[in-house]
Asker: 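So that we are looking at the same thing, I have put the structure below in structure tokens.
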2 protein chains.
Amino acid sequence: MSQKPREPETALIWERPEPAPRPKPEPLSRERIVRAALTLADTEGLASVSVRKVAAALDAGPMRLYGYVSTKEELLELMVDAVYGELVAEGPLRGSWREALRAMAQRTRRAAHAHPWLVDLLVGRIHLGPHALAYLEAALAALDGAPGFETVDAILQAVGTVNAFVIGAIRNEASERSAERESGMTKKEWQHATSPYLERMVATGRFPMLGKVMREATHPSFDVAFDQGLDCILEGLATRLPRRKK
Amino acid sequence: MSQKPREPETALIWERPEPAPRPKPEPLSRERIVRAALTLADTEGLASVSVRKVAAALDAGPMRLYGYVSTKEELLELMVDAVYGELVAEGPLRGSWREALRAMAQRTRRAAHAHPWLVDLLVGRIHLGPHALAYLEAALAALDGAPGFETVDAILQAVGTVNAFVIGAIRNEASERSAERESGMTKKEWQHATSPYLERMVATGRFPMLGKVMREATHPSFDVAFDQGLDCILEGLATRLPRRKK
DNA sequence: GTCCTTTCGATACGGTGTATCGATCGATAC
DNA sequence: GTATCGATCGATACACCGTATCGAAAGGAC
């Protein structure tokens, strides 16, 4: 970890250790770099994806990466696009427009589970990488020609609305999950740890509805909550179809 | 900006400048710190909110803040809660459940416009600050007793779904907006700058739907897109009400 | 006035992203 | 085979980050 300070050159040339014949060039490539960054993010968390650490995982100096990537942001962008690549690799979205949109939502959600860091990267920049575009293309294509989706505007609105919901829902799950994860607690333990605070707040009397929630809510799993919300949105899209035809 | 390196003590005591009678204690407080951080984030961007800079804005050394805040994360959390404070300060959410939910969505969206950095902070952690709770409470209260929302589960699901959409939509807007902003381009210029790339992609023939979008889509403003999506979700919630009653 | 306690902030440490530039290596020209 | 050139690499450096430590200064108690 500490850079060897290159001992002062008092020793004569032939006494110094041979500079080691440069272990292996291992040509490196954008793809290898991104793959290393991905596994690092998956195993150690996004915070551990630093230029130095990614380079170290490839037996290279930090600056080596800048031959393939001009900025750390660019590397992160490539990571996101790689995930989109996994998504499009699952094939086209089949079925009716409802089935297709539902499949898209669940695919995206699965990716967010497989790569918890994805949520943090989805915020901030708009993604126009080739795989991101391909994923969007697949969604648009699945709706093309469906009854009620004659105009691209209608298609865009449907995909956009579902995507907005998915992103928000994913964020919810991720934040709750990471709150548990990083305190090393299970869901139960975490609820148990924060409930004293919440009960104190409720006890002030200023949050009657919160009290009701804590008493009466049956907290459904993320899966059913997600499906219910998604159902609701698809239902909403369906009701707008006839009006659109008029 | 550069720490004065305290010139080596060659000068005799009375030649050294008087240590300045500590300009003003200016007692400082959590609130003043958070306010400083807020204005810094609003004017210079979230990236400029560093412990050092916030402290400098208060004529204090960096470590001074740690008497009031135990970590930078805590400061960011307080910033978020301060925004929630602005939101609850606008008063309760009135009207029918649809009006209340719509008002909530638009309020949140306005906050995201006023504080572009908010989107980045909403990701990642779940927010349980007093003002965040109060905002949630207001939303829950607005739906309490509405026909079809007899159970807290129904209320939570409705609020949760709308909130998920709002977060996702806000993120979309923010990322597009920041892409323009930080390249110093207007919306038109930015579209003009990225369209060559997109056209090249479309020209490959692998993205027929994208081509159709670029040719045919009338890109509606963020406002109407948001309202349409919101309408859609409220409609979806409405259609689920009768079923829930059964 | 003297001692004690509390507070403050200068300094330091280990980390970050990245610019610079000398050294090194491979390929080409003779 | 040797010399030269050009590309490539990575050690070093810089500015900045969040925060732990701890000596010095300030204020209060006796």
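Sequence lines set the chain letters: A, B, ... in the order given, protein chains first and strands last, and positions in each chain run from 1. Basis for what follows: all heavy atoms, side chains included, without hydrogens, waters or symmetry-related copies.
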Asker: Consider the side chain of K72(B), meaning its heavy atoms from C-beta on, and name the nucleotide among dA11(D), dT19(D), dG17(C) that approaches it most closely.
Answerer: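 The answer is dT19(D), which lies nearest to the side chain.
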Asker: Starting from P on dA24(D), measure out to CE on M63(B) and report it in whole angstrom.
Answerer: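 Going from CE in M63(B) over to P in dA24(D) covers 18 Å.
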Asker: Can you check the L76(A) CG to dT16(C) C1' distance for me, whole Å?
Answerer: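 Nearest whole value for this atom pair: 13 Å.
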Asker: Per the atom types in the model, does the base of dG15(C) pair as donor or acceptor with the side chain of R52(A) at under 3.5 Å?
Answerer: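 Flag unset: no donor-acceptor pair detected.
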Asker: What is the distance, rounded to the nearest whole Å, between atom CZ of R64(B) and atom P of dA20(D)?
Answerer: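 It works out to 18 Å between those atoms.
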Asker: Without decimals, in angstroms, what is the distance between L58(B) CG and dC8(C) P?
Answerer: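 Roughly 13 Å, once rounded to whole Å.
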Asker: Considering only side-chain heavy atoms of V51(B), which listed nucleotide, dC9(D), dT21(D), dG18(D), is closest?
Answerer: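 Side chain of V51(B) sits closest to dG18(D).
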Asker: Specify the separation, in whole Å, of atom OH of Y66(B) and atom C1' of dT21(D).
Answerer: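 After rounding, the gap between these two atoms is 14 Å.
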Asker: Taking atom P of dA19(C) as reference, at what distance in whole Å does atom CG of L65(A) sit?
Answerer: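 Taking CG of L65(A) and P of dA19(C), I get 13 Å after rounding.
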Asker: Give a yes/no answer on whether the side chain of T71(B) brings an N or O atom under 4.0 Å of OP1 or OP2 in dG18(D).
Answerer: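 For dG18(D), OP1/OP2 do not have a side-chain N/O of T71(B) under 4.0 Å.
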Asker: If the condition is ring-ring contact (aromatic ring centres under 6.0 Å, His included), which residues does H115(B) pass it with, not counting sequence neighbours?
Answerer: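 Expected list: W117(B).
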Asker: What nucleotide, of dT19(D), dC17(D), dG9(C), holds the atom closest to the side chain of K53(B)?
Answerer: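 Given the options dT19(D), dC17(D), dG9(C), the side chain of K53(B) is closest to dC17(D).
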Asker: In this structure, how many angstroms lie between the P atom of dC17(D) and the CG atom of L40(B), rounded?
Answerer: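 Atom-to-atom, L40(B) to dC17(D), this comes out as 10 Å.
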Asker: Rounded to the Å, how far apart are L75(B) CG and dT19(D) P?
Answerer: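 Nearest whole value for this atom pair: 10 Å.
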Asker: Spell out, as yes or no, whether a donor-acceptor pair under 3.5 Å connects the side chain of R171(A) to the backbone of L122(B).
Answerer: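 Looks like yes, one N/O pair under 3.5 Å.
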Asker: Under a 3.5 Å limit for both distances, which nucleotide forms a Watson-Crick or G-U wobble pair with dA27(C), could you say?
Answerer: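 The base-pairing partner of dA27(C), which may sit in any strand shown, is dT4(D).
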Asker: Can you check whether P62(B)'s main-chain N or O pairs, donor with acceptor, with R52(B)'s side chain at less than 3.5 Å?
Answerer: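 Not confirmed, R52(B) side chain does not pair with P62(B) backbone.
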Asker: Would you confirm whether E137(B), through its side chain, and M209(A), through its main-chain N or O, come within 3.5 Å as a donor-acceptor pair?
Answerer: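 Yes; at least one donor-acceptor contact below 3.5 Å.
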Asker: Would E86(B) and E90(B) count as a side chain to side chain contact (heavy atoms under 4.5 Å, CB included) if you check the C-alpha gap in whole Å, the side-chain angles of each, and the deciding distance to 0.1 Å?
Answerer: CA-CA 7 Å; E86(B) 296 175 6; E90(B) 295 181 29; 5.7 Å; no
